[in-house]
There are 2 protein chains.
Amino acid sequence: MPSRARIADVAEIAGVSRTTVSHALSGRRPVSDEARAKVLAAVKELNYRANQLAVGLRKARTQTIAFVMPDITNPFYPMVARGVQDAIRDAGYQVVVCSTDGDADREAAFISDMVGRAVDGLIVDLFRTPGEYVQSLVGGHTPVVILGPLKAPIGDRVHGDDKVSVAEATRHLLRRGRTRIAFVGGLPGVGPADSRLSGYEDALLGAGLPIVPELVIRCDYTRQGGRAAVAAALDAGLDFDAIVCANDLGAIGAIDALRAAGRAVPDDVAVTGFDDIDAAALVHPQLTTIDNRAYEKGTVCGRLLLQRITGELTGPFRDIVVPGALNVRESA
Amino acid sequence: MPSRARIADVAEIAGVSRTTVSHALSGRRPVSDEARAKVLAAVKELNYRANQLAVGLRKARTQTIAFVMPDITNPFYPMVARGVQDAIRDAGYQVVVCSTDGDADREAAFISDMVGRAVDGLIVDLFRTPGEYVQSLVGGHTPVVILGPLKAPIGDRVHGDDKVSVAEATRHLLRRGRTRIAFVGGLPGVGPADSRLSGYEDALLGAGLPIVPELVIRCDYTRQGGRAAVAAALDAGLDFDAIVCANDLGAIGAIDALRAAGRAVPDDVAVTGFDDIDAAALVHPQLTTIDNRAYEKGTVCGRLLLQRITGELTGPFRDIVVPGALNVRESA
DNA sequence: GGTCCGGCGCAAACCGGTTTGGTAAATCTC
DNA sequence: GAGATTTACCAAACCGGTTTGCGCCGGACC
């Protein structure tokens, strides 16, 4: 394989110096029309493109940001990535996506690696790496935006407010006349379940209704978990006319169990989910659920990071809440 | 912001030359235990990590490959990306993901940009860019693996065989005693519909059954398309006991129409899909469909590219078929 | 006609690493 | 104990660009 054309090759063919080629292409200093024409012709002939490693090395800017996510196959993150990309593209920036696929060690490895590659900024959603450790990895030389619930004084932060969102879903059920509302999903201490549960509680208390312990059923985030939990509740003869689920998969499982027991959704029991996964609109009945606004979160992260990189934004780190949006469909 | 530590800083603190630091860290030449200890101490103290731009520039290798995909929010591609990543990670390579989000110009821009960033290899799935153009963008200096149906003499190729897969799904229906099988989906000439249709035809003809033109219904790839097509067929009084759909969304739409008409799935009409999207297992009844083996395709792409990069594989470009896998669930 | 100025181009330094060639000291060989 | 070899290190070249400093040239101005 022949190697790629270098700027020296262009200079030789155009009959000018490397400097002049650089200036002709960047416009940093004026160049005669004649020289520019010769340079452009040579560039075309050789199919020349600058080696961005060299450019980045010299300029100390790579026009690249990294987005470190826990799992690229979780549809939330690709949608965030698209938002990020749309927010930074016009400024001439690129995003590179790193998925740790649930591996804790790889979170740190990716961050370190991306800093080594001299990215101009980082967006990170971390499951397991403590904030202080991230600090040491980044070294304070690269601006960081934290996506998600992690609180760490290393950069701006963008996150949702599950509590408020679930409270809104619960109030939606109350407005529709449901009074015996159950909560299903999310083992205590695992993931976002607790804040979602507290949103449910807030809404009930706010409406002057009691929290009935039997109607708060904790289970994992799977379809099977939701199905088993609701089936058990029905078997136990519990009485409820609506279910607030901690996530969509659990809600789909809940509907499975209701269908199996001959209860109509939403007529006998209304069901709400959380996440608004693709399948939410595809199942029957279509799921009323909370859209976590992945794309918007991405654009916010991208804009924020860009402002830090350019210095347009300085001062204390900001904390931006992107509230969820209740998506009313058929199930509630 | 203070700038990051450089190798010269490490050398100074350790009291040795830059050369010795490099050798101590890379092991390319022997270094005394004493010097190594001092270097490692200084590295730790300064939290030093090499600037990969400089390393890549000098070594002319970046240990990075790029994966250019048409749409990161199509779950197929993230799963492929995971496969690629798993295949190359142990060799010390990284993958950077570029999504063109359906924009044709950006396909070319990304490829050009990644070549400019001196990636060691490319995996591309192109919707619109012609092969020869890609050739000129890459310049023949970087190995390429083509994912998908594009035929271009610029690199190895990894793709499915929709025709064979759909034929298998159709034979599955025949084995279950279905005889009047319809095909629904995919406008002619758009995407993979034609090869899928021909698999359906192959299977019927192979079983000695005629192709009934009325039972071949072309529509777009959406849920609405499938629903409208099947609703119209039912209205027209067409008689069929199974439907082979060109994709899962269309199949879900088909089931919508069957449900609305009071036909039971699969008892009255069996339905198969294609893609095995997440929702396929979440809808009711769960969809029997063809898994396009995204992860496996990713690992194959990754391994192939790696072999080209290392020179382990040379000679004519290979064409590897990753056959789909029929995933039998409830709908057929 | 000399001075000043702007336009234009080149040489050289620089970014931060790796790699090569050379050398001084230590060790081996006979 | 002289010569050969090895060990351990360093200086300098190099990767491919950008940027800086300087000189040359021609035209305008006094």
Check residues 27-35 of chain A and write down every donor-acceptor pair under 3.5 Å in which the side-chain atom is one partner and the other belongs to a residue at least two apart or another chain.
from	atom 1	to	atom 2	distance (Å)
A/S32	OG	A/A35	N	3.2
A/D33	OD1	A/R36	NH2	3.1

Can I get a per-line list of side-chain donor-acceptor pairs under 3.5 Å for residues 295-302 of chain A, giving both atom names and the distance, sequence neighbours left out?
from	atom 1	to	atom 2	distance (Å)
A/Y295	OH	A/D86	OD2	2.7
A/K297	NZ	A/N292	O	3.2
A/T299	OG1	A/E296	O	2.8

Please list, one pair per line, the donor and acceptor atoms closer than 3.5 Å that link side chains of residues 119-126 of chain B to other protein atoms, with sequence neighbours excluded.
from	atom 1	to	atom 2	distance (Å)
B/D120	OD1	B/T62	N	3.1
B/D120	OD1	B/T62	OG1	3.4
B/D120	OD2	B/T62	N	3.2
B/D120	OD2	B/Q63	N	2.7
B/D125	OD2	B/Y77	OH	2.9

Item to complete: May I have the step-by-step check of salt bridge (charged side-chain N to carboxylate O under 4.0 Å, His left out) for A/R157 and A/D319, ending in yes or no?
Response: CA-CA 5 Å; A/R157 179 169 164 237; A/D319 186 295; 2.8 Å; yes
Worksheet, complete the sentence: Sequence neighbours excluded, the answer for salt bridge (Lys or Arg N to Asp or Glu O under 4.0 Å) partners of B/R303 is none
Discussion item. Taking salt bridge (Lys or Arg N to Asp or Glu O under 4.0 Å) as the definition, give me every residue that meets it alongside B/D278, ordered by chain and number, with sequence neighbours left out.
Written reply: none
Fill in: Along DNA chain C, first and last positions that approach a heavy atom of chain A under 4.0 Å
C/dC8 to C/dG16
Worksheet item: So B/T20 and B/S17, side-chain hydrogen bond (donor to acceptor under 3.5 Å, both in side chains) or not? Walk me through it.
Response: CA-CA 5 Å; B/T20 301; B/S17 71; 3.2 Å; yes
Worksheet item: Hey, does B/V115 have a side-chain heavy atom less than 4.5 Å from the side chain of B/H141?
Response: no
Item to complete: Please list, chain by chain and in numerical order, all residues satisfying salt bridge (Lys or Arg N to Asp or Glu O under 4.0 Å) with B/D162, sequence neighbours excluded.
Response: B/R196
Discussion item. Using the salt bridge (Lys or Arg N to Asp or Glu O under 4.0 Å) criterion, which residues pair with B/D161? Sequence neighbours excluded.
Written reply: none
Worksheet item: For A/S26 and B/P30, take the nucleotide of DNA chain D holding the closest heavy atom to each; which residue's nucleotide lies nearer the 5' end?
Response: B/P30
Worksheet item: Any donor-acceptor pair under 3.5 Å linking the side chain of A/S136 with the backbone of A/Y133?
Response: yes
Worksheet item: Does any residue of residues 32-48 of chain A have a heavy atom under 4.0 Å from DNA chain D, and if so, which ones, in number order?
Response: A/Y48
Item to complete: Kindly indicate whether the side chain of B/Y93, heavy atoms from C-beta on, has any atom under 4.5 Å from the side chain of B/T64.
Response: no
Item to complete: For A/A5, report the nucleic acid contact type (base, sugar-phosphate, nothing); a contact means any heavy atom under 4.0 Å.
Response: sugar-phosphate
Discussion item. If the condition is side-chain contact (heavy atoms from CB on, under 4.5 Å), which residues does B/N47 pass it with, not counting sequence neighbours?
Written reply: B/R49
Using the 3.5 Å cut-off, write out each protein N or O paired with an N or O of nucleotides 20-24 of chain D and the distance between them.
from	atom 1	to	atom 2	distance (Å)
D/dG21	N7	A/R29	NH2	3.3
D/dG21	O6	A/R29	NH1	2.6

Worksheet, complete the sentence: Rounded to 10°, the helix from C/dG1-D/dC30 to C/dC30-D/dG1 deviates from straight, judged by its five-pair end axes, by 50°
